[in-house]
Participant: 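My questions will all concern the structure given below.
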Amino acid sequence: MTRGLKVWLWLVLAVNAISGVMAIVSALLIPLMWVVVAAEALVVAGAVMLLFPRKKMGFFLICGGAAVSLVLNIILGGNIVSSVVSAVIMPLIIWLLIKNTWYEFQ
């Protein structure tokens, strides 16, 4: 695993953990936000799976969490452009950083 991938995954882990905690506060007022909390948990779990046991499934969890977040942001009336950018750019950067070392993951 490259240093750039590790740094990016730690950044993804931290940002999405903070975002998930903030979504919990919103979920107390808007029940649909619990799905956003679950999507953030998927992304955090995926980053942990890529970092520690080095499982390929982590990448797919991150992509799934990003897709769910995108759909929910559109449904909840969020900024569509920033939602698309975040849902596409994060997994794309991970893929670009992981593609040369994909064989290292189980």
Participant: So, taking the atom named SG in C63 and the one named CG in L42, what distance separates them when rounded to the nearest 0.5 Å?
Facilitator: 11.5 Å
Participant: Should M33 and I24 be counted in the same cluster of Ile, Leu, Val, Met, Phe, Trp and Tyr side chains packed under 4.5 Å apart?
Facilitator: no
Participant: For F60 and W95, I'd like to know if the aromatic rings sit close, meaning centre-to-centre distance below 6.0 Å.
Facilitator: no
Participant: Measure the CG-CE distance between L50 and M57 for me, rounded to the nearest 0.5 Å.
Facilitator: 11.0 Å
Participant: Would you kindly confirm whether L29 and L72 end up in one hydrophobic cluster when ILVMFWY residues are joined by side chain heavy atoms under 4.5 Å apart?
Facilitator: yes
Participant: Applying a strict under-4.5 Å side-chain criterion to I, L, V, M, F, W and Y, I'd like to know whether V48 and L11 cluster together.
Facilitator: yes
Participant: Consider only side-chain heavy atoms of I, L, V, M, F, W and Y, link residues closer than 4.5 Å, and tell whether V68 and V15 are in one cluster.
Facilitator: no
Participant: Distance check, rounded to the nearest 0.5 Å: K55 atom NZ versus F105 atom CZ?
Facilitator: 12.0 Å
Participant: Between A17 and V44, what is the shortest heavy-atom contact and its length?
Facilitator: N-CG2, 3.7 Å
Participant: Any chance you could measure I74, atom CD1, to S69, atom OG, to the nearest 0.5 Å?
Facilitator: 11.0 Å
Participant: Distance from K99 atom NZ to I94 atom CD1, nearest 0.5 Å?
Facilitator: 14.5 Å
Participant: Is there a donor-acceptor pair closer than 3.5 Å between any side-chain N or O of T101 and the backbone N or O of E104?
Facilitator: no
Participant: Are M90 and L97 connected in the hydrophobic side-chain network, where two residues link if heavy atoms are under 4.5 Å apart?
Facilitator: yes
Participant: Rounded to the nearest 0.5 Å, how far does CZ of R54 lie from CE of M1?
Facilitator: 4.0 Å
Participant: Please determine whether side-chain contact (heavy atoms from CB on, under 4.5 Å) holds for the pair V12 and V43, giving the CA-CA distance in whole Å, both sets of side-chain angles, and the decisive distance to 0.1 Å.
Facilitator: CA-CA 8 Å; V12 166; V43 174; 3.8 Å; yes
Participant: Between V21 and V25, is there a side-chain heavy-atom distance shorter than 4.5 Å?
Facilitator: no
Participant: Output yes when a side-chain donor or acceptor of E40 lies under 3.5 Å from a complementary backbone atom of S19, and no otherwise.
Facilitator: no
